[in-house]
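Following: one structure in structure tokens, then a few remarks.
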Amino acid sequence: MGAIKTVGVIGGGAWGTALALTAARAGREVRLWARDPGTVSDIRSKRQNPRYLPKITFDEELAATGSLDEVADADALLLVTPAQTTRAMLAALKKTGKVRGPVVLCAKGIEQSSGKLLSKVLAEELPGVEPGVLSGPSFADDVARGLPTAVTVAANSAKTALSLCEALQSPCFRPYASIDILGTQIGGALKNVLAIACGAVVGRKLGASAQAALTARGFAELSRLGTAMGAQGETLTGLSGLGDLVLTCSSSQSRNFSFGLRLGEGFMASELISAGGKLAEGAYSARVAVKLARKHDVEVPICETVAKMIDEDLTIDDALNTLMARPLKSETAGL
């Protein structure tokens, strides 16, 4: 593919706006689609997105619009809408008949209804369109403010991955190219589930030792399942795997960690879900991750426990007792 001059960003939330700013700082012409007319107006007139990025005014000028037709024909598209709406957004893009460049999936999750990774959903809805994946340790607020950030950008071909990296690279944003689309997605999806567990531990005030142990054992689950599904080891220990896991399992800036935090404070999952608002992606992905693990004959006790906390209102104390009562295991081979 040729040089990427125009970048379309689908999604006017915090992460979509942050990535639009990233592409603008890299010298690309950026077109940002947002569903909310108020968001479009604020970005155009105030160079702000106060609903999602309060107190941030950006120097870059973004061409915000509410029309997918004005965005779909960009050289590359970044799809930055929630994982569970990915199929619907791809179908809407298909209707424009204008998609010609790669579509980079920026949500971190698994489609709950089908159990499919988002790259598979893309192949079904936009056959023939080249997929990409962007993932890694990155909070939207940090990226929008121009703080140093590094991520993984994966595509099926090295040429496309490198072209996408060149289109997004700036002094404050460093993308690393990969051809492991599958592994990049697995890390992003599973770390959300594990972040809920770590948030619950912190919310219950069980200590830093427990949080560190849960993060480490969570990474073991991520690695086992990722390897069984065909992910590359370098991907799982890289930015989109271990890097994102460490960030998300340690900060209340993460929606998934914050969701777990409330569980640890004594709220039941059903209460949080019924209260409305945007549900953490890990809450959708937990049960799907367990099903994938069973399919590949992999043990994922932390993911299973999170799924029970969400689906069965298992309390944090019962969840901890379940994990601590598991039979003794070896951490190394040969024992």
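If you read the sequence from its start, that first residue is 1, and numbering goes on from there. The model shown is predicted, which means the values in this text are computed figures rather than measured ones.
Closest heavy-atom contact between A200 and I316: CB-CD1, 3.6 Å.
Taking OG1 of T86 as the reference point, atom CD1 of I110 lies at 12.0 Å (rounded to 0.5 Å).
A heavy-atom distance below 4.5 Å is found between the side chains of P137 and L239. Residues D73 and R100 meet the side-chain proximity criterion, which asks for heavy atoms closer than 4.5 Å.
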Next item on the list: Take E130 and K159 through the salt bridge (Lys or Arg N to Asp or Glu O under 4.0 Å) test and state the conclusion after the steps.
Entry: CA-CA 12 Å; E130 194 167 9; K159 183 178 180 180; over 6 Å; no
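Clustering of Ile, Leu, Val, Met, Phe, Trp and Tyr side chains at separations under 4.5 Å places F257 together with V202, L261.
One finds a salt bridge joining E60 and R25 here, because a Lys/Arg side-chain nitrogen approaches an Asp/Glu carboxylate oxygen to under 4.0 Å. Using a cut-off of 4.0 Å between Lys/Arg side-chain N and Asp/Glu carboxylate O, E111 and K116 are scored as not salt-bridged.
Side chains of S251 and S254: no donor on one and acceptor on the other come within 3.5 Å.
Under the side chain to side chain donor-acceptor pair (under 3.5 Å) criterion, E61 pairs with R47, not counting sequence neighbours.
Both cation-pi conditions hold for R174 and Y176: the charged atom is under 6.0 angstrom from the six-membered ring centre and inside a 45 degree cone around its axis.
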Report all side-chain donor-acceptor pairs from residues 187-197 shorter than 3.5 Å, counting only partners two or more places apart or in another chain.
from : atom 1 : to   : atom 2 : distance (Å)
K191 : NZ     : T248 : OG1    : 3.3
N192 : OD1    : N256 : ND2    : 2.9
N192 : ND2    : K108 : O      : 2.8
N192 : ND2    : G188 : O      : 3.4

